[in-house]
Amino acid sequence: MPRIGRGGKLVVIAAATLVSAALIAVYIVFFLRAEPSPAVVPTSSRGAELTLQTVASYGHAPHPDWVSYLERDGNGKWHHTTILQVPAHTLVHVTIYQYDTATGLRNPFWSQVRGTRGAVMTVNGKTMHALPPDDASHTFAIPDYGVSVPLKGVPDDAKNQCSVAPCTLAQAHTTITFTFRTGDPGTIRWQCFVPCAAAFIYGFGGPMQTIGWMDGKLKVV
Ligand SMILES: [Cu+2]
């Protein structure tokens, strides 16, 4: 086998460096910086109205079996996005239609309602301060605001369960409402803390770490 000379080694090192740099660029552009278009949350005289749904499986490409959030615009149309644009220093009235079954929380800390107006939520019209940890399907949490709300799952044996988004009110769901107040303009993260990513290690891969599915950004303007 011929020995590779000094010049040859430099070529190999340069080529390997270029390939690594290209892979890092692909990771940054197509994963870290990729995000769906923002949905502008409709506002009324009482504040902003944020309407979301969580689904057990999105039902479409590129990940039909991934769990996800969706957002509804002011015309009632559902969008597959978790980039939510809300006004600064405004009350945001949130309604979440929860179509998934319970996964359960690993850390019961997240089963308490925190950071919302009155530190409460309503679940199917009933005011609640917390949820039994095993009943949680997802959470809606904005760590920068101290907001965390556990979302009650539908029973495992519920009839008419939804598997393709967007789900409709005729299908089995839980309705959760709560209100929080936004702060100064800026962009902050929000996410789910339930290990809900089935088939991923510890339930925290895939949709749990990808913007547009189980986490997103709150663009406060
Ligand atoms: Cu989740």
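All residue numbers refer to positions in the sequence shown, counting from 1. Both counts, for ligands and for their atoms, begin at 1 and track the order of listing.
Atoms SG of Cys192 and SD of Met214, as seen from the Cu ion (ligand 1), are separated by an angle of 110°, to the nearest 10°.
Within 6.0 Å of the CG atom in Leu18, the count of heavy atoms belonging to other residues, nucleotides or ligands exceeds 12.
Between Phe140 and Trp190, a ring centre-to-centre spacing shorter than 6.0 Å is recorded.
Not a single N/O/S atom of Ser137, whether from backbone or side chain, sits less than 2.8 Å from the Cu ion (ligand 1).
A salt bridge links Arg189 with Asp215: at least one charged nitrogen is closer than 4.0 Å to a carboxylate oxygen.
The name of the N, O or S atom in His138 nearest to the Cu ion (ligand 1) is ND1.
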* Report the C-alpha distance between Phe193 and Phe109 in whole Å, list the side-chain angles of each, state the deciding distance to 0.1 Å, and finish with yes or no for ring pair (Phe, Tyr, Trp, His ring centres under 6.0 Å). => CA-CA 10 Å; Phe193 280 98; Phe109 179 82; 9.3 Å; no
